[in-house]
Amino acid sequence: MQDRILVTGGAGFIGSNFILQRMQDSSFSITNLDKLTYAGNLRNLESVAGDRRYTFVQGDIGDRKLVSQLLAEQNPTALVHFAAESHVDRSIRGPEDFIRTNVNGTFALLEEARAYWGGLSEEDRSRFRFVHVSTDEVYGSLGPDDRPFSETTPYAPNSPYAASKASSDHLVRAYHHTFGLPTLTTNCSNNYGRFQFPEKLIPLIILNARDGKPLPVYGDGKNVRDWLYVEDHCEAIATVLRKGRPGDTYNVGGWNEKPNIEIVETICDLVDEMAPGNGTSRKELITYVKDRPGHDRRYAMDASKIERELGWRPKETLESGLRKTVRWYLENHDWVAAVTSGSYRQWIATHYSV
Ligand code: NAD
Ligand code: TYD
């Protein structure tokens, strides 16, 4: 049976990895609705652009007329919602787009999905799924000895980004509870891998280390994140889509809690090995900079529910995943050159200037 998926935000980091992974299965056809903000990049999807099973539509998830038209035309069996403003630092400098896309945009999608789903045959209605891709940041910050976040941890978002994602999670939950829309939410920890926009820690450090530029570490470098290789995250979403229980939420994580400074030092070693410079270690480029306002100290995920109930567990180790990622950024000059021009330079200049 054919799976027809409407993906939102499929030109971004995780969405494009998800599309490429799913397109390897010939039973999938995918429509990708993406606004192509600074974070969206059609280069990521060049290998499927000519495939009959893939359609790209440039547009905003908040454009209800467009969403309604797409649902009617494409008749999807599922909607997988990635589209978002996703960078915490940008949400601190300018939260408005985060509210517009993450909150109002998700609301628009839910409304249109509800109308579409209500008009389906009984069989199609029971098959339809709305998968909402969210983050561990909705749970707030942990102390050093706190237990990792579980699906029942109360929400306590701290940044405008986290608050906007938390709001969208609540709307998704309400559309299941009130209207019966078959929604599923995944809350995932920090991803890394190919196609991540180099404003985020791992690609930023790889590229600055390559170029001999300072490696900015916020605060004391001891903030802890849990890291998951993006392909594992995409498998988890596919698993939830296939086997998850409508109305449920699933925490997804890598069981890889690390302080930022350790991640940065590991990347330095990998870049030294793969792109030897003038003999000095890239670690000498590490520069402690002013901390992020409201910087969450620690995130940690208890991803045992998805393993127990759906059989998903990450395959990649942090060591092998980081190695692959560093190699990818060092080898893909054209991709890097294209995304680090113009507005990217402006962001880096403004953000790291004080
Ligand atoms: P990203 O910033 O790389 O990509 C976001 C994509 O959404 C871009 O292609 C952009 O053009 C598109 N987009 C933005 N606003 C839009 C709008 N109004 N209409 C249509 N498209 C729009 O983000 P990502 O890192 O791939 O994250 C994808 C999703 O996963 C987000 O919802 C994010 O909250 C969630 N998430 C990310 C991480 C992570 O570590 N990156 C971890 C957990 C959850
Ligand atoms: P980031 O990749 O922005 O993801 P998030 O804020 O969603 O966790 O940041 C990961 C961690 O790295 C976070 O603790 C902030 C820190 N960080 C730095 O120390 N320096 C940087 O230049 C950036 C972008 C992040």
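Just so it is clear, the structure is predicted and the values come from calculations on it, not from any experiment. In this chain, residues are counted from 1 in sequence order.
Counting only distance, with no hydrogens or angles, the side chain of Y329 and the backbone of I202 share no donor-acceptor pair below 3.5 Å. Side-chain N or O atoms of H176 include one that pairs as donor or acceptor with a backbone N or O of L181 at under 3.5 Å. Remark: side-chain polar atoms of N158 are not paired, donor with acceptor, to backbone N or O of G140 under 3.5 angstrom. No donor-acceptor distance shorter than 3.5 angstrom exists from the side chain of T8 to the backbone of L6, with no hydrogens or angles considered. Within the 3.5 Å criterion, the main-chain N or O of L66 finds a donor-acceptor partner in the side chain of D63. Using modelled atom types, one side-chain atom of D226 and one backbone atom of N256 make a donor-acceptor pair closer than 3.5 Å.
Using modelled atom types, one finds no donor on one side chain facing an acceptor on the other under 3.5 Å when comparing N75 with D124. In this model, a donor atom of one side chain and an acceptor atom of the other lie less than 3.5 Å apart for S134 and D169. The closest side-chain donor-acceptor pair between S86 and K200 falls under 3.5 angstrom. In summary, the side chains of N260 and R225 do not present any donor paired with an acceptor at a separation below 3.5 Å, with no hydrogens or angles considered. Y218 and D89 share a side-chain donor-acceptor pair at under 3.5 Å. Using modelled atom types, one finds no donor on one side chain facing an acceptor on the other under 3.5 Å when comparing W312 with D232.
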task = Any chance you could lay out the side chain to side chain donor-acceptor pair (under 3.5 Å) test for H132 and T106, step after step, and finish with the verdict?
result = CA-CA 9 Å; H132 174 58; T106 301; 5.0 Å; no
message = side chain to side chain contact (heavy atoms under 4.5 Å, CB included) for R90 and F98? Distances and angles first, verdict last.
response = CA-CA 9 Å; R90 286 189 193 250; F98 288 73; 3.9 Å; yes
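Identified under the salt bridge (charged side-chain N to carboxylate O under 4.0 Å, His left out) test for residues 142-154, with sequence neighbours left out: none.
Taking hydrophobic clusters as Ile, Leu, Val, Met, Phe, Trp and Tyr residues chained together by side-chain heavy-atom distances below 4.5 Å, I206 shares a cluster with V339. Under the 4.5 Å side-chain heavy-atom criterion for ILVMFWY residues, no single connected hydrophobic cluster contains both L33 and F28. V80 is connected to Y54 through a chain of hydrophobic side-chain contacts under 4.5 Å among Ile, Leu, Val, Met, Phe, Trp and Tyr, so both are in one cluster. Residues Y229 and I263 are members of one and the same hydrophobic cluster, defined by side-chain heavy-atom contacts under 4.5 angstrom among Ile, Leu, Val, Met, Phe, Trp and Tyr. Under a hydrophobic clustering in which Ile, Leu, Val, Met, Phe, Trp and Tyr are joined whenever their side-chain heavy atoms come within less than 4.5 Å, directly or via other members, I99 and V138 fall into different clusters.
Ring planes of W328 and F195: perpendicular class, angle over 60° (limits at 30 and 60°). Ring orientation note: the planes of F18 and F82 are tilted relative to one another, at an angle of 30° to 60°. Classified by interplanar angle (parallel below 30°, tilted 30° to 60°, perpendicular above 60°), the ring pair F149/Y299 is tilted. Taking the six-membered ring where tryptophan is involved, the planes of W347 and H351 are essentially parallel, since the angle between them stays under 30° and well short of 60°.
With respect to the salt-bridge test (charged N to carboxylate O, under 4.0 angstrom), the residues R43 and E46 do not qualify. In this structure, D25 does not pair ionically with R53, as no charged nitrogen and carboxylate oxygen lie closer than 4.0 Å. Salt bridge present: R22 and E235 bring a charged side-chain N and a carboxylate O closer than 4.0 Å. Classification of E265 and K283 as a salt-bridged pair fails, no side-chain N sitting under 4.0 Å from a carboxylate O. Between D248 and K305 there is a salt bridge, since at least one side-chain N of the basic residue sits less than 4.0 Å from a carboxylate O of the acidic one. Salt bridge present: R298 and E257 bring a charged side-chain N and a carboxylate O closer than 4.0 Å.
For F130 and Y175, the ring centers sit 6.0 Å or farther from each other. Ring-centre distance between Y155 and H170: below the 6.0 Å cut-off.
The 12-atom threshold is not exceeded at CD of E319, counting heavy atoms of other residues, nucleotides or ligands nearer than 6.0 Å.
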